Amino acid sequence: MLQLIANGIIFGSIIALGAIGLTMVYGILKFANFAHGDTMSLGAYLALLFLSLQVPFPIAVVLAIAVSIAVAILIDHYLYRFFRTTGPIILLIASVGVALFLRNVILLFWGPDLTYYSRAIHLDFEVIPGISMNSYEIGIIIVTAALIVLVHLFLKKTRIGKAMRASSDNMDLAEVVGIDTRRVIIWTWSVGTALAVFGGIMLGLENGLRPPMGWQLLLPLFAAAILGGIGQPYGAMVGGLIIGIAQEVSTGFISTAYKPAVAFIIMILVLLIRPQGIFGGSKRWI
Amino acid sequence: MDLSGLFSYFVFFLVIVSVYGLLSLGLNIQWGYTKLFNIGIAGFFAVGAYTSAILTTPPAMDRVGGFNMPFLPALVIAVLLSGFIAFLIGIPTLKLKEDYLAIATIGIAETIRLFFNNEAWLANGVRGVSGIPRPFQHYITFNYNLFYLLLMVVFVIGVYLAIEKALKSPWGRVLKAIGEDETVTQAMGKNIIRYKMESLVLGSMIMGMAGSLYAHFIQFISPEVFVPMSATFLVWVMLIAGGSGSNKGALLGALVIWGLWSLTDLITNVVPVDYAVKAGAFRVIAIAIFLEVILLVRPQGILGEKSVMKAAKKQEQE
Amino acid sequence: MALEMNVEMKNSDDLLKVEGICKSFGKMLAVNQCSLEVSKGTITALIGPNGAGKTTLFNLISGFHKPDTGKVFLKGDRIDGLRPDKIFHKGLIRTFQISRELEKMTLLENLMLVPGQQEGEIIWNAWFRPWRVRAQEKQVKERALETLRFVELFHLKDEYAGNLSTGQKRLLEIARTMMADPEIVLLDEPGAGVNPTLMNKLIGYIHQLNGRGITFLIVEHNMELVMTICDPIIVMNAGSILTQGTPPQIRNDERVINAYLGD
Amino acid sequence: MAILEVEDLVSGYSEVMILNGVSIHCGDNEIVSIIGPNGAGKSTLMKSIFGLISVKQGSVAFDGRSIIGMRPNQLVKLGMSYVPQEKNVFPSLTVEENLQMGAFIRNDDLTGSMDRVFELFPFIADKRKSVSGTLSGGGRQMLALGRALMLEPRLLLLDEPSAGLAPLVRDEIFEKVMEIQQSGVAILMVEQNAKKALGMSDRGYVLVMGKNRYEDTGEALLANPEVGRLYLGGA
């Protein structure tokens with residue numbers, strides 16, 4: 001059981017990173033971005049690409065993030081921008097198209113087979129009695145914790161971070177007080193995408209890479225975002241961990257294949273009982 | 001390919017177009033009229049197909065089913081079951097914003113697929129169900145596919161006429177009004193939850209019917225068939241390209257998009273096997289770009305109504 | 001329960017009665033202990049400065065908001081807490097401050113949508129009793145055409161409602177309320193964005209419909225309209241009812257002028 | 001000299017014009033009130049000046065320079081701040097963060113301006129770390145005013161600063177507005193509470209049906225019985 005919870009924290013960290021970006025885009029751009037999972041895959045594969053060019057791992061991560069952000073901003077500029085006035089559903093449909101586009105571009109270049117960043121085998125060892133992990137997994141938890149602290153500092157301490165929270169509260173007022181909302185939108189894509197790429201790379205480290213890896217994560221991502229109250233990054237962090245732990249713990253009782261269904265059922269329960277999410281109720285970011 | 005080969009390819013092609021035509025018609029009730037955002041088409045399609053498969057196949061040792069049921073009762077049960085599942089999804093989601101219905105429908109579709117994938121006792125899991133009987137096979141002495149095409153045409157025309165009738169009646173008028181402005185429609189005394197539910201259930205029943213008819217034609221189904229790409233996304237592209245809100249547009253969209261899809265498939269078949277996967281990916285990329293271009297350039301589709309007529313503004317009456 | 005209501009409503013020909021209704025949004029008390037009566041056959045105005053709570057009161061009466069406390073009676077039946085469509089079927093129809101037409105539907109469709117209990121609104125009947133549906137549709141259509149003729153929009157019957165001018169939308173709104181056969185109509189700023197000529201027309205229609213026995217409750221800023229056709233006038237300020245009276249009384253009431261000018 | 005000059009302004013939404021030729025001006029360091037019945041176009045006038053509604057005709061000049069077609073983030077740089085009528089704070093941000101957002105375009109140190117705002121509004125100074133969504137209506141209005149002052153503007157546009165406030169709080173807000181003016185800021189204010197507004201203003205305009213009907217000193221307008229009648233349609 002302890003081990004399952006530990007696994008849940010690992011998986012939950014990855015979900016949390018994805019869900020934060022998803023919920024930020026929802027809060028500021030007001031649409032459910034179905035391409036977010038595939039952005040995670042794109043980042044993971046780009047890191048693979050740079051690694052294959054003999055770039056050291058940390059630099060490969062940075063490059064993957066940079067390229068993914070550029071892609072996200074370009075897509076916003078040439079596609080989503082035109083639908084901002086036509087309402088959230090057209091944006092949603094467009095994002096489904098983008099999701100397929102990204103996934104199949106990955107398929108086109110890297111093929112459908114499972115690949116790994118490295119062939120090296122990392123042995124599990126007992127971290128504390130009853131819980132064993134390998135060094136990657138410890139790294140995932142540490143990096144996620146660090147990123148969450150960074151996101152927190154970014155939103156709380158930086159000018160643009162505060163402007164993002166302000167824009168999520170009230171876009172019109174943000175314009176009135178002189179906030180450059182175009183810059184806010186660019187930053188939203190940047191932060192959301194960067195976190196997604198981290199999540200994608202971690203998923204690749206943990207489970208290897210396959211083109212549909214991000215798409216298959218979409219349901220848990222939405223479940224986490226809804227659980228945390230959509231539009232609220234802190235909610236998404238907690239929601240991600242809850243979903244991750246629930247999915248892993250469920251494997252103690254039912255087939256592992258049903259992990260995504262567990263997320264789905266939690267999501268439906270939340271929608272039935274408390275549609276505004278556990279931290280919802282008001283529009284506050286806690 | 002000789003002439004008879006071409007002919008049988010064409011018949012096969014049209015049968016699949018009819019299946020998609022049904023899916024597209026079902027979606028048109030939900031999205032085209034009521035603006036219900038269902039992206040779990042694959043789920044209802046799968047329920048229809050699997051219900052028929054389990055009910056009509058001969059008994060089998062390693063799984064449930066094999067009830068040897070005739071075609072028509074199985075079809076009816078498949079349709080009803082699809083509708084029932086839509087009803088269950090509608091309860092928590094129809095009161096909420098449209099995004100939630102979207103997320104819930106894709107959730108149920110994936111869950112259904114996982115279920116059939118993993119529960120081998122039910123429908124053989126990943127290996128799928130084969131040997132689904134073809135209806136009236138013993139009575140047909142001529143080209144069976146041609147017969148099936150005729151059968152499909154009967155179903156498509158029947159469904160088309162039925163929903164055309166319903167949508168052109170006051171019932172359809174209410175759905176259209178809900179799609180435009182729920183608040184006003186409620187102020188006009190309409191119970192909007194009831195109508196949204198009816199729209200969701202009826203549309204999903206047609207999707208279930210499409211699933212059942214597909215299973216009986218192909219005779220083999222596996223969870224692989226019900227992935228979101230081919231079973232949900234393509235249908236959306238069909239409806240949007242054809243023109244949502246128009247039943248003719250829904251059918252035309254099915255023909256055009258499946259035509260393009262098959263054309264790219266022919267190209268895939270020509271290239272060496274090594275490239276087949278890549279060519280497949282290329283097809284999807286092409287369709288995705290096609291969708292975005294339609295959304296940008298002609299959002300109302302080929303046969304769709306223009307959102308607001310360009311008619312000159314009428315002068316204030318003096 | 002039913003007995004209690006009968007007692008409460010005895011000896012009163014009030015069509016609509018609001019008793020001690022309250023509604024707050026968060027910390028803001030939008031409507032505070034409002035009570036008012038609208039007698040059958042009147043054209044009652046509800047006026048007051050911006051933010052007085054008039055539209056919120058409309059939403060409370062028509063079922064779009066649920067009151068925190070208080071009761072609403074229509075013909076003696078309690079209607080607070082009912083869904084808007086249920087209240088519609090009890091004979092109350094409302095319009096919206098910004099006209100909300102179904103823009104992608106024609107004028108004719110906009111009107112034909114309104115009547116309740118249409119056979120063809122049940123899908124079963126649309127399929128299996130087409131003749132009954134058709135017969136009724138014919139009636140509804142004739143009525144819709146007649147109504148369009150009444151508000152002089154007949155020539156635009158096949159036009160999309162989205163293409164109408166603001167003034168024409170107001171007329172369509174009046175036409176729509178006529179289609180409902182209501183006992184009472186709640187109009188939310190029918191005069192907004194309407195030019196003077198059209199305004200006279202609008203006033204004429206309200207008068208005529210009132211002559212046919214329809215009661216009106218009107219929120220309006222255009223005092224011209226209010227003072228010419230409304231009696232009594234109810235004045236709201238800061239979420240409560242300030243006073244009630246005839247147009248001359250209201251016009252000369254210092255408290256009303258003060259409410260508008262501030263004190 | 002007039003810091004703001006509006007000539008023959010025509011503006012509105014798509015086909016409906018709300019303003020049909022409004023001409024007003026506001027001098028350096030003046031308080032000018034715009035009053036009038038509901039639906040006269042007061043808020044529309046504010047939004048048109050601040051570039052939130054596109055102007056169909058006429059001219060708007062700030063400091064002698066045409067500002068038509070400029071976006072809000074350009075206008076704040078010129079020294080004009082606007083406080084909308086409602087939803088004028090960011091509820092999930094703290095008081096301090098709201099003030100920082102007011103100075104978003106500034107890159108220098110904000111402590112001086114912030115101290116001045118807190119000096120003017122001690123009430124919100126005590127709550128600088130609280131989330132502004134928890135403030136009372138009066139507190140939020142003070143915060144909105146303070147936020148607009150963070151840019152040290154030369155002209156402040158206020159859209160019904162007293163809306164929805166209890167009398168005591170309202171009076172306090174008006175006092176603060178006077179103080180702001182005395183510190184050297186010109187103020188153009190739309191107000192529903194005509195008596196209070198005119199009582200404190202140098203000049204006032206009465207807007208009726210999208211046109212300015214009367215223009216006079218605050219006192220003179222207050223004394224004019226016609227103005228009161230206008231509200232009840234006796235024009």
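Per chain, numbering begins at 1; letters A, B, ... match sequence-line order. Computed from a predicted structure; not experimentally measured.
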When the side chains of residues 84-95 of chain C are checked against the rest of the protein, which donor-acceptor pairs come out under 3.5 Å, sequence neighbours left out?
residue: C:D85; atom: OD1; partner: C:R83; partner atom: NE; Å: 3.0
residue: C:D85; atom: OD2; partner: C:R83; partner atom: NH2; Å: 3.0
residue: C:H89; atom: NE2; partner: B:G189; partner atom: O; Å: 2.8
residue: C:R94; atom: NH1; partner: C:N59; partner atom: OD1; Å: 2.5
residue: C:R94; atom: NH1; partner: C:S62; partner atom: OG; Å: 3.2
residue: C:R94; atom: NH2; partner: C:N59; partner atom: OD1; Å: 3.4
residue: C:T95; atom: OG1; partner: C:D188; partner atom: N; Å: 3.0

**Exercise: do B:Q30 and B:S204 side chains pair donor with acceptor under 3.5 Å** = yes

**Request:** Select, from B:V174, B:T185, B:N191, the one with the greatest count of heavy-atom pairs under 4.5 Å involving chain C.
**Result:** B:N191

**Item:** Options B:Q186, B:K168, B:K165, ranked by heavy-atom pairs under 4.5 Å with chain C, top entry
**Value:** B:Q186

**Message:** If we ignore hydrogens and angles and just use 3.5 Å, is the side chain of B:S244 paired with the main-chain N or O of B:I240 as donor and acceptor?
**Reply:** no

**Asked** Stepwise, does the side-chain contact (heavy atoms from CB on, under 4.5 Å) test hold for C:Y205 with C:E152?
**Response** CA-CA 11 Å; C:Y205 295 142; C:E152 295 173 41; 3.5 Å; yes

Part of [X] lying under 4.5 Å from any heavy atom of chain B:
X: C:E109; answer: both
X: C:V114; answer: both
X: C:M179; answer: neither

**Fill in**
Honestly, the part of B:L202 sitting under 4.5 Å from a heavy atom of chain C is side chain

Taking only distance into account, with no hydrogens and no angle test, what donor-acceptor pairs under 3.5 Å do side-chain atoms of residues 83-93 of chain B form with protein atoms, sequence neighbours excluded?
residue: B:T93; atom: OG1; partner: B:I89; partner atom: O; Å: 2.7

